[in-house]
Amino acid sequence: MKELVDRLRRNQALPAEELRRLLTDNDPTIREYLRRNAQEVALAHFGRGIFIRGLIEISNRCRNDCRYCGIRRSNRLATRYRLDRQTVLDCCAEGYRLGMRTFVMQGGEDPALTDAFLTDLVGEIHRRWPDCAITLSLGERSEASYRALFEAGANRYLLRHETIDPDHYRLLHPEEMSLENRVQCLRALKKIGYQTGTGIMVGSPGQTPDLIVKDLQFIAEFKPQMIGIGPFIPHRDTPFGQEPAGSVELTVKLLSILRLLCPSALIPATTALATLSGDGRILGIQAGANVVMPNLSPPDERSKYNLYNGKAAFGCEAAEGLDSLERELEKVGYHISWDRGDYIEQD
Ligand code: SAH
């Protein structure tokens with residue numbers, strides 16, 4: 001089994017059957033060996049600096065109805081909000097003051113987030129803070145829209161594929177969505193020149209080891225610059241409200257496998273991981289993650305961007321908590337990197 005890890009590290013690839021064996025193996029020595037190798041690779045590429053991104057949750061209105069997501073349109077119990085232009089700019093100003101050099105605007109697929117509104121907003125952020133990277137995570141849009149936003153100054157886009165299996169995709173998503181369109185969006189984003197991020201939820205209902213292997217193969221082939229994975233966490237007011245949460249252990253293991261498959265990718269220790277486990281963030285970093293995304297949304301709105309129950313948005317998960325994040329990182333020999341942390345291709 002150690003030989004599989006060595007080979008994965010050396011070749012940055014592994015045949016499906018062996019990925020599956022590694023994934024389903026339960027030996028703690030192997031788990032630790034995998035983790036240590038992934039941490040070494042992350043250290044070799046990024047050193048002990050962890051990149052930070054200020055996360056601005058711009059709107060929780062959504063035209064989609066994803067079965068796992070707390071802000072799906074059918075959830076009548078969600079209190080809806082949308083940040084206005086000035087509020088987003090205020091968030092960026094605050095993030096900049098705190099030292100952040102990447103702003104991530106994430107939201108539901110809110111029809112009010114038109115190209116006109118967003119290109120103006122992105123353009124203004126780009127003009128005011130030209131040394132900052134602008135990341136968008138606003139779901140599926142047309143290629144023309146992605147292009148307009150890129151031209152306005154956006155550099156990066158996060159769009160998890162969620163699952164690469166069409167049947168599993170249909171189980172997680174409403175009729176009108178399709179895996180084909182999702183993947184087309186991803187290819188368009190990359191073609192336009194965005195640093196593109198994709199990924200999955202770990203432990204989403206219906207997910208099996210074989211499906212995860214297919215996701216890993218897709219990621220290895222697509223070569224995203226960023227990879228977001230976190231455990232599925234149920235939201236009580238969704239059809240998956242009674243499903244069990246994904247496993248922290250498996251998420252951490254996948255972080256390590258992904259680090260070995262894609263050594264120079266930017267991989268966050270996600271909020272979902274930190275939500276499920278008090279030391280999730282640190283476990284993720286020690287398993288090969290190299291990014292954290294503290295919440296920069298106005299504190300009053302944070303509790304409304306409820307993708308799942310219990311979502312962490314304060315303390316080390318918050319922009320105001322950067323000091324505690326720094327202390328937490330220092331305890332395990334890491335520190336915040338204030339660099340904007342663009343993707344750099346390396347071996
Ligand atoms: N509308 C955007 C942003 C979605 S929110 C888009 O479609 O890309 C960002 C990510 O949160 C999603 O891609 C999904 O993987 C994750 N997410 C949503 N609901 C979740 C849940 N219940 N548990 C864990 N992660 C969830």
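Just so you know, ligand 1 is whichever comes first in the structure, and atom 1 is the first atom listed for that ligand. Hydrogens, waters and symmetry mates play no part in the numbers below; they use all other heavy atoms, side chains included.
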| field | Nonpolar side-chain network containing Leu55, other nodes, edges under 4.5 Å | value | Phe46, Phe51, Val104, Leu158, Met226, Leu266, Val291, Met293, Tyr343

| Which residues share a side chain to side chain contact (heavy atoms under 4.5 Å, CB included) with Asp25, sequence neighbours left out |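 Asp25 satisfies side chain to side chain contact (heavy atoms under 4.5 Å, CB included) with Met1, Asp27, Ile30, Lys253 once adjacent residues are dropped.
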
| task | Look up atom OG1 in Thr102 and atom CH2 in Trp129, then write down how far apart they are to the nearest 0.5 Å. | result |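 With rounding to 0.5 Å, OG1 (Thr102) is 14.0 Å from CH2 (Trp129).
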
| Check: His173 ring centroid to Tyr68 ring centroid under 6.0 Å | yes

| field | Partners passing side-chain hydrogen bond (donor to acceptor under 3.5 Å, both in side chains) against Arg97 (at least two apart in sequence or in another chain) | value | Glu94

| said: Test side chain to side chain contact (heavy atoms under 4.5 Å, CB included) on Asp110 and Arg63; report intermediate values, then the result. | reply: CA-CA 6 Å; Asp110 177 351; Arg63 67 186 166 106; over 6 Å; no

Check ligand 1 for N or O atoms under 3.5 Å from a protein N or O and list each pair with its distance.
residue	atom	partner	partner atom	Å
ligand 1	1 (N)	Gly107	O	2.9
ligand 1	7 (O)	Arg182	NH2	3.2
ligand 1	8 (O)	Arg182	NH2	3.2
ligand 1	13 (O)	Glu162	OE2	2.5
ligand 1	15 (O)	Arg160	NH1	2.9
ligand 1	15 (O)	Glu162	OE1	2.8
ligand 1	15 (O)	Glu162	OE2	3.3
ligand 1	22 (N)	Tyr68	O	2.9
ligand 1	22 (N)	Ile233	O	2.7
ligand 1	22 (N)	Leu307	O	3.4
ligand 1	23 (N)	Ile233	N	3.0
ligand 1	23 (N)	Ile233	O	3.3

